[in-house]
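Reckoned from all heavy atoms, side chains included, excluding hydrogens, waters and symmetry mates. Each chain gets a letter, A, B and so on, in the order its sequence line appears, and its residues count up from 1.
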Protein chains: 2
Amino acid sequence: MKYPSQPRITLLHGDAATELKSLSDNSIDLIVTSPPYADQRKHIYGGISPDLYVEWFLPLSAELLRVLKPTGTFILNIKERVVNGERHTYVLELILEMRKQGWLWTEEFMWHKKNCYPGKWPNRFRDSWERLLQFNKQRKFNMYQEAVMVEMGDWAKSRLRNLSDTDKVRDESRVGSGFGKKIANWLTRDKAFPTNVLHMATECSNRDHSAAFPEALPEWFIKLFTEPGDTVLDPFMGSATTLRVAKRMQRHAIGIDIQEAYVSRAYEELVEQERQLVLLQKREKYVAS
Amino acid sequence: MKYPSQPRITLLHGDAATELKSLSDNSIDLIVTSPPYADQRKHIYGGISPDLYVEWFLPLSAELLRVLKPTGTFILNIKERVVNGERHTYVLELILEMRKQGWLWTEEFMWHKKNCYPGKWPNRFRDSWERLLQFNKQRKFNMYQEAVMVEMGDWAKSRLRNLSDTDKVRDESRVGSGFGKKIANWLTRDKAFPTNVLHMATECSNRDHSAAFPEALPEWFIKLFTEPGDTVLDPFMGSATTLRVAKRMQRHAIGIDIQEAYVSRAYEELVEQERQLVLLQKREKYVAS
DNA sequence: GTTCCGCATGAATCGATAG
DNA sequence: ACTATCGATTCATGCGGAA
């Protein structure tokens with residue numbers, strides 16, 4: 001039996017498209033990332049105009065296509081913002097352009113953010129979902145579906161728990177949903193496969209750093225698309241949620257960020273604390289093995 | 001005070017794009033429809049190839065743009081099918097092309113089909129969500145948000161009893177402008193505005209029509225975008241779910257279907273039962289007033 | 001130790017105002 | 001006219017202190 005080696009954490013400080021050039025072809029099993037959204041987080045990333053978003057992203061996705069293994073998967077968390085009262089179309093255009101690069105648009109998972117930003121506007125309600133686009137290099141890719149199966153009882157229970165009290169109240173006030181009855185049906189089976197809808201709250205007020213997405217999100221995809229010893233990449237690491245989860249799950253991990261503060265913080269948390277350190281200078285490569 | 005007239009049901013038998021030509025410009029307040037999916041329900045509608053879907057749909061959306069009032073809304077329920085292991089891109093292309101026709105892509109609601117039974121294929125899980133695309137003719141359109149407010153969770157009750165200091169402070173800062181006019185909002189705040197994610201179970205067991213369109217779905221949009229006495233159109237009527245709900249809610253309704261069986265069944269249910277009938281021949285116009 | 005309750009805070013959006 | 005900034009709006013969640 002082969003034991004996976006200790007997870008190796010690699011941190012790169014710099015522009016994602018540039019830093020990716022140092023990675024080998026066909027070396028990554030899973031890419032999970034949440035790039036800066038158009039015109040968001042200007043103070044951190046400078047803000048990318050919606051009209052230039054596709055143009056900005058394509059060189060990066062070309063590199064990602066190169067470094068991903070043929071059996072690997074790319075999960076892209078993204079959502080278009082409202083511009084002049086309309087949803088902007090850059091995400092749609094990005095999908096079409098990435099297909100021209102050679103990517104296959106295999107699936108679109110939906111992330112239902114139970115605690116989305118509040119607000120009320122004359123023509124729109126709160127936006128409580130984001131896209132989780134799945135891209136692949138070929139039709140056959142690694143997918144370990146059993147790894148994300150849930151016990152039927154637990155699943156039904158957690159489904160109910162995940163619905164939150166608010167949803168339950170709302171459900172009951174709705175006509176003819178029939179949801180409760182279906183739960184009873186599911187209880188007769190042992191295990192169930194999930195669907196392509198993920199219900200997760202954002203982790204907003206967590207300790208020091210607020211994560212763009214909850215740990216459960218990369219965890220789910222890491223389970224589904226990799227095995228221990230595989231390599232996970234996040235080219236927009238931010239607060240290192242993906243890397244933290246990957247390490248805990250015995251996967252090698254590579255993180256890139258243009259903000260040195262994020263890289264050094266990830267270094268302290270994921271590398272230095274174990275005294276497995278080879279710390280180089282700013283804009284250099286940090287490696288722990 | 002004006003009382004809305006009895007809901008008027010108009011049924012048209014024939015091709016949607018053709019039959020729409022008999023409707024006046026700017027006469028419809030809300031269009032809610034679920035068109036035949038590409039290559040699906042082939043036995044009924046003749047099947048539209050995914051590659052030709054956009055081309056097939058655009059003449060129809062042009063007519064819909066003409067008949068919709070400037071303040072009206074078009075809700076399109078659609079989901080791309082999987083072709084050769086990939087999600088097909090016809091929905092993305094359709095959105096881009098409809099914008100060229102003059103439509104505004106205001107929002108994308110998400111329909112989460114909760115009772116979708118867990119299942120799987122080798123490379124994907126069960127698809128349990130569909131798009132509900134919202135299109136408009138102009139940025140200002142009719143939206144009656146209060147009509148779809150939902151009960152808050154129980155947790156909110158305690159919050160109501162004791163307004164937090166934060167909330168009080170926010171209120172005081174607002175008093176300056178309008179003598180605390182908004183205070184009433186907080187004290188009566190037992191309802192919240194919904195989000196753009198709709199949780200509704202499908203209704204699977206309906207007669208012959210395979211589309212499991214729950215009544216709660218058109219009901220929600222009819223409440224949100226129309227008032228009693230307004231006119232609702234469904235150019236792919238099918239089993240007449242949208243019309244049935246519209247009639248019950250005191251909205252005039254127009255339904256079109258290429259299948260005579262659907263038209264005559266809708267006639268029997270929605271018109272003849274009230275003996276308000278003017279039944280004409282096949283491929284003619286059925287009207288009850 | 002549980003449970004309860006107050007509290008801060010988010011990948012937001014709109015309309016008005018200012019340059 | 002067109003862009004940049006600012007104030008107002010709003011609610012689910014997890015944390016931490018209190019009962």
- prompt: Can you find a side-chain donor-acceptor pair between A:Thr226 and A:Asp29 that sits under 3.5 Å?
  reply: no
message: In whole Å, I'd like the distance from the OH atom of A:Tyr117 to the C1' atom of D:dA12.
response: 13 Å
- request: Mind checking A:Pro35 for me? I need base, sugar-phosphate or nothing, with any heavy atom below 4.0 Å counting as a touch.
  value: base
Nearest-angstrom distance from the residue atom CH2 of A:Trp129 to C1' of C:dG10: 19 Å
Under the side chain to side chain contact (heavy atoms under 4.5 Å, CB included) test, residues paired with B:Gln138 that sit two or more places apart: B:Pro70, B:Thr71, B:Lys140
- prompt: Taking only residues two or more places apart in sequence, or in another chain, which ones meet A:Lys79 in a salt bridge (Lys or Arg N to Asp or Glu O under 4.0 Å)?
  reply: A:Asp127
message: Please confirm whether the shortest side-chain N or O distance from A:Lys114 to OP1 or OP2 of D:dG14 is below 4.0 Å.
response: no
field: Whole angstrom value for the distance that separates C1' of C:dT13 from CG of A:Asp127
entry: 11 Å
message: Side chain of A:Lys120 only, heavy atoms from C-beta on: which candidate in D:dT13, D:dT10, C:dC14 is closest?
response: D:dT10
Salt bridge (Lys or Arg N to Asp or Glu O under 4.0 Å) partners of A:Lys137, counting only residues at least two apart: none
- request: Tell me whether the OP1 or OP2 atom of C:dA12 has a side-chain N or O from A:Arg126 closer than 4.0 Å.
  value: no
Selection: residues 82-89 of chain A, any non-hydrogen atom under 4.0 Å of DNA chain C: A:Val82, A:Gly85, A:Arg87
- prompt: B:Arg139 side chain: which of D:dT10, C:dT13, C:dG15 is closest?
  reply: C:dG15
- prompt: Starting at NZ of B:Lys140 and ending at C1' of C:dG15, how long is that distance when rounded to a whole Å?
  reply: 8 Å
field: Residues A:Thr73, A:Asn136; criterion side chain to side chain donor-acceptor pair (under 3.5 Å); working and verdict
entry: CA-CA 5 Å; A:Thr73 292; A:Asn136 292 94; 2.8 Å; yes
Separation of D:dC11 C1' from A:Trp121 CH2 (nearest whole Å): 11 Å
message: How many whole angstroms separate atom CE of B:Met143 from atom P of C:dT13?
response: 13 Å
query: side chain to side chain contact (heavy atoms under 4.5 Å, CB included) with A:Leu96: which residues, sequence neighbours excluded?
result: B:Thr89, B:Leu92, B:Glu93, B:Leu96
task: Could I get the full list of side chain to side chain contact (heavy atoms under 4.5 Å, CB included) partners for A:Glu86, not counting sequence neighbours?
output: B:Arg99, B:Leu104, B:Trp105
query: Roughly, in whole Å, what's the span from CZ in A:Arg81 to C1' in C:dA12?
result: 8 Å
Paired stretches of DNA chain D - 3 or more consecutive Watson-Crick or G-U pairs, each distance under 3.5 Å: C:2-10 with D:11-19, C:12-19 with D:2-9
field: Euclidean distance, atom CG of residue A:Asp39 to atom C1' of C:dT13 [Å, nearest integer]
entry: 13 Å
field: With sequence neighbours excluded, residues passing salt bridge (Lys or Arg N to Asp or Glu O under 4.0 Å) with B:Glu97
entry: B:Lys100
query: Listed by chain and number, what are the side chain to side chain contact (heavy atoms under 4.5 Å, CB included) partners of A:Arg124, not counting sequence neighbours?
result: A:Val82, A:Arg87, A:Trp121, B:Thr106, B:Glu107
